[in-house]
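Just so we're clear, the structure is a prediction, and the values are computed from it rather than from any experiment. Heavy-atom basis, side chains included; hydrogens, waters and symmetry copies ignored. So you know, we letter chains A, B, ... as the sequences are listed, proteins then strands, and number each from 1.
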Number of protein chains: 2
Amino acid sequence: MPVSIEDVAKKADVSISTVSRVLNRRNIVNEKTRKRVEIAIDELGYRPNVFARGLMLRRSNILALVLPDLHGEFYSEIIRGANLRARELGYQLMISSVVASDDGSTVLSAVTDHSLVDGIAVMISEVDSQTRTDLAKVKTPLVILDSDVEGVKHDSVVIDQRQGAAAMFRHLIYNQGTKRIVFVGGLVTNFDTIERLAAFHSTMDEANIPISSNDIFHLDYNYQTAFELGSKQVREWARSRASVFAANDEMAAGIIDAAIELGISVPDQLAVVGFDDTRIAQMTRPRLTTVHVPMSSMGSSAVDLLCQRLDDPQRPPTKLTLQSELVVRESCGSDF
Amino acid sequence: MPVSIEDVAKKADVSISTVSRVLNRRNIVNEKTRKRVEIAIDELGYRPNVFARGLMLRRSNILALVLPDLHGEFYSEIIRGANLRARELGYQLMISSVVASDDGSTVLSAVTDHSLVDGIAVMISEVDSQTRTDLAKVKTPLVILDSDVEGVKHDSVVIDQRQGAAAMFRHLIYNQGTKRIVFVGGLVTNFDTIERLAAFHSTMDEANIPISSNDIFHLDYNYQTAFELGSKQVREWARSRASVFAANDEMAAGIIDAAIELGISVPDQLAVVGFDDTRIAQMTRPRLTTVHVPMSSMGSSAVDLLCQRLDDPQRPPTKLTLQSELVVRESCGSDF
DNA sequence: TTATTTATTGAAAGCGCTGTCAAATGTCGA
DNA sequence: TCGACATTTGACAGCGCTTTCAATAAATAA
């Protein structure tokens with residue numbers, strides 16, 4: 001039923017080669033012939049069959065974006081950035097998320113099964129060694145988003161979060177005079193958490209403030225669990241005039257709400273800061289002091305890198321580092 | 001370079017037909033032969049070429065989701081729901097958004113250019129008659145999300161927002177005793193706005209409250225413009241004890257912030273309600289009274305409908321209506 | 001024993017497209 | 001008028017897969 005190149009050829013009274021030529025604008029086709037073919041294409045509403053074309057060209061113009069989750073603004077902004085850039089460059093974007101039940105190898109196969117995509121951008125927050133070796137085997141152009149990429153031969157785009165986190169800790173310590181910081185992160189295996197924890201330790205060392213292991217919590221980046229933790233701890237934290245560093249805005253919001261519910265004023269009695277600078281950071285009251293992460297840039301940069309590699313498969317692996325930036329708002333107290 | 005079915009056949013010392021047969025588990029292949037082939041597939045790491053297969057089968061197992069925008073939680077939840085369901089059903093999801101510069105025909109071509117997708121879910125918030133006729137021409141299985149679909153022969157999933165909006169207006173009128181409601185919607189051509197405006201008129205009529213045309217505003221669903229409108233109007237609204245109905249949570253948040261900035265207390269001096277029940281609704285202070293819209297269900301239902309049609313192309317067009325539900329929180333005052 | 005059925009496999013014909021190669025036509029200077 | 005060359009076109013060979021269809025071997029019936 002669908003109209004094929006042959007139908008067009010017949011209608012325009014030329015061979016399929018000629019039709020193919022006008023489609024690909026390659027060798028010059030005679031002006032008059034081209035017009036005729038174009039008219040036939042229009043009238044028939046012909047669209048080249050992507051499969052047939054892909055079979056010859058070994059190209060689909062489809063890029064895949066694999067995310068650990070699709071929940072929350074963080075991921076949706078990455079998608080948005082990637083989609084926009086992909087469109088600009090003439091690619092389509094395929095989205096996939098690794099669901100809870102998946103393990104490392106599922107991740108890999110979810111990725112490689114798309115033997116049809118020209119390139120893949122993956123973000124995997126918990127990278128075990130299995131995933132790492134699996135990833136190393138992939139032959140499709142791959143860019144790794146915001147993960148530990150030491151020793152992996154692919155392109156990558158990472159956030160310089162140590163620097164952003166350090167700026168935050170310093171602000172808390174030197175500008176706000178905090179003597180104790182509570183660290184509320186994600187899982188111990190989570191890359192972001194590892195990075196920020198490293199910044200935490202080094203900045204505290206630098207300021208000569210000891211860290212109690214009781215002040216480090218590993219949650220799951222969700223509002224609810226943070227709220228629950230806050231409900232239990234917030235009084236004690238406020239009493240000692242501690243500041244709370246939450247590894248994303250969601251958790252910061254959860255802790256703030258817990259505090260408010262217990263009649264503890266933020267930031268007057270307790271400073272709470274977040275990370276990411278999502279929409280939430282501006283919606284909470286008080287507004288969140290946080291670290292801005294260029295989420296949509298991550299997406300667009302990933303697509304850029306992928307396309308560059310597609311154009312030149314030989315170029316050496318690139319690691320693109322995006323800066324994060326401290327954004328001071330109300331939740332940490334006035335800043336002087 | 002990539003290993004083809006022929007390589008496998010050679011290695012297993014069978015014909016490609018046999019390999020194809022074990023891949024598709026169709027006609028029974030002799031136990032022993034099958035084992036041998038499977039081993040060869042494993043050892044070679046063979047993956048069938050999607051293009052070649054698609055060329056024969058005319059099937060890609062890819063579904064497209066076309067959204068008006070990728071910004072905000074509303075869309076990201078739709079994506080999430082769709083992606084999850086698609087995975088469950090063995091499909092991949094391709095995302096596309098209609099960007100600002102696009103007009104109706106771009107929408108259509110963005111859609112139909114994917115001659116490779118098996119089905120398409122489109123959400124187009126502003127449907128003009130051009131788009132409508134364009135849409136009617138599409139031969140790929142299509143489901144229309146939350147738009148005016150009268151007379152269109154495709155499947156659709158819509159939100160019963162009249163009912164949800166009406167519940168909101170009634171709550172405001174009968175439970176909160178509001179005598180004046182200000183309606184802040186999207187563009188006049190926006191489907192959601194049209195629906196909710198209809199509910200507005202009918203409920204107000206029913207309650208015998210006249211509507212002043214000065215109380216109907218058409219904005220763009222953004223925080224910022226709502227904030228600006230609020231900054232100008234909020235005093236007057238509060239003075240006459242009006243309630244403000246914003247057509248999404250973002251705008252409600254903008255108006256609330258404008259009010260607070262001018263020292264007007266919400267809900268004590270001014271009730272403000274939202275729509276959608278996104279994350280924002282729980283993050284603002286006061287928390288938003290809003291109408292819950294099952295966003296991720298919209299995505300999953302769209303995928304369901306698409307797959308059902310794929311299985312049975314003959315079934316009559318289905319219109320799936322999802323319910324919306326009033327959620328009373330703090331921003332409209334205590335409810336008695 | 002011979003005819004017939006059943007199980008298992010291979011050969012080969014496309015699916016719709018691109019790209020190579022050669023044929024056909026036209027152009028131009030000698 | 002003729003060869004040399006450029007321009008324009010068509011025939012056809014795949015790309016890797018699925019799917020008839022026929023061939024062979026094995027099993028059963030007559």
(request) Could you tell me whether the side chain of B:Arg34 and the main chain of B:Val29 form a donor-acceptor pair under 3.5 Å? (result) no

(message) Could you check whether any side-chain N or O of A:Arg53 sits under 3.5 Å from a backbone N or O of A:Pro48, counting only pairs where one atom can act as donor and the other as acceptor?
(response) no

(message) Whole angstroms only, please: what is the CZ-C1' distance between B:Arg59 and D:dT18?
(response) 15 Å

(request) Would you kindly give the CD-to-P distance between B:Glu31 and C:dA7, to the nearest whole Å? (result) 16 Å

(message) Using whole Å, what does the distance between atom C1' of nucleotide D:dC17 and atom CG of B:Asp7 come to?
(response) 13 Å

(request) Check the distance between C:dA7's P and B:Arg34's CZ and give it to me in whole angstrom. (result) 16 Å

(request) Using whole Å, report how far CG of A:Asn30 lies from P of D:dA6. (result) 18 Å

(request) Would you please name every residue forming a side-chain contact (heavy atoms from CB on, under 4.5 Å) with B:Glu6, sequence neighbours left out? (result) B:Ser4, B:Lys10, B:Ile16

(request) Name every residue in residues 39-46 of chain B that has at least one heavy atom under 4.0 Å from any atom of DNA chain D, in order of residue number, or write none if there are no such residues. (result) B:Tyr46

(request) Check whether any side-chain nitrogen or oxygen of A:Asn24 sits under 4.0 Å from OP1 or OP2 of C:dT18, and answer yes or no. (result) yes

(message) Going by side-chain hydrogen bond (donor to acceptor under 3.5 Å, both in side chains), name the residues that satisfy it together with A:Asp192, two or more places apart in sequence or in a different chain.
(response) A:Gln161

(request) Can you sort out the partners of A:His154 under side-chain hydrogen bond (donor to acceptor under 3.5 Å, both in side chains), two or more places apart, ordered by chain and number? (result) none

(request) Have a look at B:Leu23 and tell me which of B:Val8, B:Val37, B:Thr18, B:Ile41 forms a side chain to side chain contact (heavy atoms under 4.5 Å, CB included) with it. (result) B:Ile41

(request) Output all residues satisfying side-chain hydrogen bond (donor to acceptor under 3.5 Å, both in side chains) with A:Asp220, sequence neighbours left out; order by chain, then residue number. (result) A:Asn222, A:Thr225

(request) Would you mind reporting whether B:Val303 and B:Tyr91 have side-chain heavy atoms less than 4.5 Å apart? (result) no

(message) Can you tell me which residue among B:Asp155, B:Thr318, B:Asp304 is in a side chain to side chain donor-acceptor pair (under 3.5 Å) with B:Arg309?
(response) B:Asp155

(request) Give the angle between the helix axes at the two ends of the helix from C:dT1-D:dA30 to C:dA30-D:dT1, taking five base pairs at each end and rounding to 10°. (result) 60°

(message) Taking only side-chain N and O atoms of A:Ser20, does any of them lie within less than 4.0 angstrom of OP1 or OP2 on C:dG19?
(response) no

(request) Mind checking side-chain contact (heavy atoms from CB on, under 4.5 Å) for B:Thr321 and listing every partner two or more places apart, or none if nothing turns up? (result) B:Val158, B:Asp160, B:Lys319, B:Gln323

(message) Less than 4.0 angstrom between a side-chain N/O of A:Ser17 and OP1 or OP2 of D:dT9, yes or no?
(response) no

(request) Answer whether the closest heavy-atom distance between the side chains of B:Met94 and A:Ile62 falls below 4.5 Å. (result) yes

(request) Report, as a single string ordered 5' to 3', how protein heavy atoms within less than 4.0 Å touch nucleotides 21-27 of chain D: B base, S sugar-phosphate only, - not at all. (result) -------

(message) Tell me whether the side-chain N/O atoms of B:Arg53 come closer than 4.0 Å to OP1 or OP2 in D:dG16.
(response) no

(message) Expressed as a whole number of angstroms, how long is the span from A:Lys32:NZ to D:dT7:C1'?
(response) 15 Å

(request) State whether B:Glu38 and B:Lys35 are salt-bridged, where the test is any N-O pair (Lys NZ or Arg NE/NH1/NH2 against Asp/Glu carboxylate O) under 4.0 Å. (result) no

(message) According to side-chain contact (heavy atoms from CB on, under 4.5 Å), who are the partners of A:Glu88, at least two apart in sequence or on a separate chain?
(response) A:Arg85

(message) Can you tell me if B:Ser4 touches the phosphate of D:dC15, counting only side-chain N or O atoms and a distance under 4.0 Å to OP1 or OP2?
(response) no

(request) Check the distance between C:dT18's P and A:Leu23's CG and give it to me in whole angstrom. (result) 6 Å

(message) Go nucleotide by nucleotide along DNA chain C from the 5' end; which of B:Asp13 and A:Leu57 gets its closest nucleotide reached first?
(response) B:Asp13

(request) Take atom CD1 of B:Ile5 and atom P of D:dT19, then tell me their distance rounded to the nearest Å. (result) 11 Å

(message) Going by salt bridge (charged side-chain N to carboxylate O under 4.0 Å, His left out), name the pairs with one or both residues in residues 55-68 of chain B, residues two or more places apart or in two chains.
(response) none

Please write out the pairs of protein N or O atoms and N or O atoms of nucleotides 13-15 of chain C separated by less than 3.5 Å, giving the distance to one decimal.
| unit_1 | atom_1 | unit_2 | atom_2 | d |
| --- | --- | --- | --- | --- |
| C:dC15 | O3' | B:Arg58 | NH2 | 2.8 |

(request) Taking side-chain contact (heavy atoms from CB on, under 4.5 Å) as the test, write out the residues that go with B:Ala302, two or more places apart. (result) B:Ala121, B:Val143, B:Leu145, B:Val157

(request) Please determine if a side-chain N or O atom of A:Ser15 lies less than 4.0 Å away from the OP1 or OP2 oxygen of D:dG10. (result) yes

